[in-house]
Each structure stands twice: as C-alpha cells, then as structure tokens.
Protein chains: 2
Amino acid sequence: MAVRKLDEEDVEGVGGKAAVSLGELEKSGGFVLRIAQLSAFERFFTVFGESEIRISEFTVLLALSENPGIRQGVLADVLKIKWSNMTKLVRALEDRGLIARHIPHDDRRSVVLSVTEAGKKQIDATAEKMYRSDREALSMLDDAEHAQLIALSRKIAGWPEVK
Amino acid sequence: MAVRKLDEEDVEGVGGKAAVSLGELEKSGGFVLRIAQLSAFERFFTVFGESEIRISEFTVLLALSENPGIRQGVLADVLKIKWSNMTKLVRALEDRGLIARHIPHDDRRSVVLSVTEAGKKQIDATAEKMYRSDREALSMLDDAEHAQLIALSRKIAGWPEVK
DNA sequence: TATTGTTATACTCTATAACTATA
DNA sequence: TATAGTTATAGAGTATAACAATA
C-alpha cells in the first residue's frame, strides 16, 4: 500500500476563501457571539479612529456621568472590570484631571468617583462621535434588528428587561 | 461661598448595587454586545471548567475537522486570528500530535492542516461537553431567541444568511 | 512584486493573590 | 472577620514589523 500523497487531492477547493464551513460550531451561540463582537469592534475602531482617550476609559467616564458619586467597585462590577484593573483605569483618568476621587465619611474604605469639568468637556467632545461610529459599525442591521440585538444582549448580561 | 462637602450628600443611594443606569450607553449596540459576550464567556468557563485544551485551540481543531486540508491563513482569517498568532497556536497543536502540517506541491509557500487520529479523539472527548456548556451559558434564551442571536451575529460578522 | 507563513517583540487585557485600611 | 480598594505580577490575547521562501 503506497503512502498517499495527501497534499494535492485533499486541498482542492478548500484553499480558496469561499467555501469554509464551521459545521456545528456555527450553531454555538457563544462562538458566533464572540465573532460578532470582534467584527463589530474591528469596524468600530476603523470608524472611530484614533482618539486621546481609550474606549474602556471613555466608557467609565460616561457611566460615571450617569451615576455621579458611584462607588468604584460597584462601577467595576457593572462594567465587568476587575477591581485591580479598575484601580489603574481610574488612576489614569484622575491623572488627566477627568475624574475626581472622594473618600466618603460614612465608609472610609470606599472610593467615590465623579466627573470633573474637564471630564464633562471630554464627554461632549467624544460622545456623539462614539455613538455615530457605534451605529455605523452595526449598519448592516436595520432598526428592528438593532433593537433585537440590544434586547438579547441585555438578557444574556442579566440586565432588567425594559429600561 | 463655602467649599461644599461632596462626600456625603452626593453618595446617598448610589453606593448600593441596585440603581445603576448607564444612560445612552445602554443603547449602544457595540457596548451591550460586548457585555453580553463577556457574560456568556464567564458563564461558559464556569460550566466548562478546566480542560487540557484551550478554547481557542479547540475551536481551531473543530474548524479544521470541518475543513480538512484548509490552508492555515484561510482558517486564521475566518476565525479572526492574526497569522503571526496562528503560527503559535498551530505549533502548539502539532506539538501535542493533534494536527499535522503539510506543504502542498502546487504552492510550496502555503501550509495545509489536517486533524490526526489523536486530534479526532480529543474532539470526541470534548465536543459534546463544549456544546452543552455553551447552551447552558445561554440558558436564559429560549430556542427562538437563541436562533435570533445566531442570525443577528452572523449578520454582524458578515456571514451568509442561511447557511 | 505579491503572497504565505514565521519570528521577535511589545502592548493591552485579564486574572490572581497578598496586602492595607477600615468596618 | 468581612469588605473596599491597592499593589505586584503573571499570563493570555492581540498587534506590528521585519524577514524567508515561494509564486
């Protein structure tokens, strides 16, 4: 029995970009969810372009402006950021004067955050551009699908239904 | 005008976990998509537990078994993995005897991959557990919602509609 | 010249555990 | 003892550019 030369016959038609199937994997919610998120972010960064503030930082800044005086740990939990990493993120924002940290008298272990005037300016300068880029990155979805995506995502994240 | 003591009054009621709103951010498709993906993966890893193979590696292995003899670069593109990183991943799988690399005669620049017998055994041992964990991580969705999620994700990823 | 893959490297993200200070 | 946050560090994942071999 001759050693078969795999190389030629097995490759036919699969080398091209077209006919790649992933089988069962394509029915895995977690897998497609991840690919979708990567695709969306890739597009988002292309549209959003370079900025003086990171998305993660800007997200914290925005979330903070919606919840003035929130505790650092609570915000970290909501945004799925580990406390240890939140510390660095918050420090970076504080160093640039975008947020302020306060130690409340009633629990001096905790740190309470707020957006400074400079932080508010940063938000004004960036928010609209960000939302526009975000919507553009998902421009393949019509409004109904976009709403569907948000409803499904909320459910997966365990967030309350309506809001 | 006295310096206001922010600390006490501004914090009331926001220190708790309940009433955190993210405002406009919650209507950002990209943002909620990311939170959803993180939540799902967190849950997935909890259910899936420790394994002798990484998810990224197992994904490559599975994709490979669906596309025997696919070129390394093509697979990398589909899975959104950079070529430079794919090299390491493939090397690690080859070192463990799970896949084999071939240089096809008709294009000796390229590398063509295939799953070995050991690789197939690994798939048999892990696939079912993985799919079960995946579905469990998304157990808050009913079947219709799960199908919706996959359809939306495919669309976002730019994959063909029906399959 | 363009393409396929490799190497080396750096940078961001994320995870863990030990630590402090307060409660 | 438990909680809020910090520090240090390690690890995974990702990105970039220079490179070799082949087309």
Side-chain angles (χ1 to χ4, degrees), chain A residues 7 11 14-17 34-35 37-42 44-46 50-51 53-60 69-95 99-113, chain B residues 7 11 14-17 34-35 37-42 44-46 48-51 53-60 69-95 99-113:
Chain A
D7 307 349
V11 185
V14 207
K17 198 126 183 184
R34 172 150 178 80
I35 297 285
Q37 196 253 296
L38 289 176
S39 302
F41 264 55
E42 203 172 79
F44 175 81
F45 283 114
T46 305
E50 289 307 313
S51 180
I53 190 166
R54 263 187 267 277
I55 299 299
S56 56
E57 293 173 339
F58 190 64
T59 301
V60 168
I70 197 176
R71 273 200 291 106
Q72 183 170 316
V74 174
L75 189 57
D77 289 345
V78 173
L79 298 178
K80 304 256 174 222
I81 300 172
K82 288 267 182 300
W83 286 20
S84 53
N85 300 324
M86 192 63 161
T87 297
K88 279 189 298 187
L89 221 166
V90 159
R91 183 70 40 92
L93 287 171
E94 192 192 19
D95 287 348
I99 66 173
R101 292 154 27 99
H102 308 277
I103 310 294
H105 295 147
D106 59 325
D107 185 349
R108 297 176 37 72
R109 293 172 306 180
S110 65
V111 175
V112 141
L113 305 173
Chain B
D7 307 348
V11 184
V14 208
K17 199 128 184 184
R34 173 150 177 79
I35 296 286
Q37 196 254 294
L38 289 176
S39 302
F41 263 55
E42 202 173 80
F44 175 81
F45 283 115
T46 303
F48 191 75
E50 290 306 314
S51 182
I53 190 166
R54 262 188 269 277
I55 299 300
S56 56
E57 293 173 340
F58 189 64
T59 302
V60 167
I70 196 175
R71 273 200 291 105
Q72 183 171 315
V74 174
L75 189 57
D77 290 346
V78 173
L79 298 178
K80 304 255 175 224
I81 299 171
K82 289 269 180 299
W83 286 19
S84 53
N85 301 323
M86 192 62 162
T87 297
K88 280 189 297 184
L89 220 165
V90 160
R91 182 74 38 94
L93 287 171
E94 193 193 17
D95 287 349
I99 67 173
R101 293 153 27 98
H102 308 277
I103 309 294
H105 296 146
D106 59 325
D107 185 350
R108 299 176 34 72
R109 294 171 304 179
S110 64
V111 175
V112 141
L113 305 175

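Every chain is numbered from 1 and lettered A, B, ... according to where its sequence line falls, protein lines coming before strand lines.
- Rounded to the nearest 0.5 Å, atoms CG (Asn85(A)) and NZ (Lys80(A)) are 14.5 Å apart.
- Taking only side-chain nitrogens and oxygens, Arg54(B) comes nearer than 4.0 Å to OP1 or OP2 of dA12(D).
- Taking atom CD of residue Gln37(B) and atom P of nucleotide dT14(C), one finds them 10 Å apart after rounding to whole Å.
- Proximity of His102(B) to Val111(B): side-chain heavy atoms (C-beta onward) are nowhere separated by under 4.5 Å.
- The interatomic distance linking Leu89(B) (CG) with dT7(C) (P) rounds to 14 Å, in whole Å.
- Taking 4.5 Å as the limit, some side-chain heavy atom of Arg91(A) sits within range of a side-chain heavy atom of Asp95(A).
- Rounded to whole angstrom, the span from the CD1 atom of Ile103(A) across to the P atom of dT20(C) amounts to 18 Å.
- Proximity of Ile53(A) to Leu93(A): side-chain heavy atoms (C-beta onward) are separated by under 4.5 Å at one or more points.
- Aromatic ring pairs are classed by plane angle as parallel below 30°, tilted from 30° to 60° and perpendicular above 60°; the pair Phe45(B) and Phe41(B) is perpendicular.
- The nearest whole Å value for the distance from the NE2 atom in His105(B) to the C1' atom in dT22(D) is 14 Å.
- The CD-C1' distance, from Glu42(B) to dT16(C), rounds to 15 Å in whole Å.
- Atom pair Leu38(A):CG and dA12(D):C1' shows a separation of 14 Å (rounding to whole Å applied).
- The side-chain heavy atoms of Val112(B) and Ile70(B), taken from C-beta on, include no pair separated by under 4.5 Å.
- Between the NZ atom of Lys82(B) and the P atom of dA17(D) there is a distance of 12 Å, given to the nearest Å.
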Report summary line: A correct 5'-to-3' footprint of nucleotides 2-7 of chain D, with B, S and - meaning base, sugar-phosphate only and no protein heavy atom under 4.0 Å, is BBBBBB
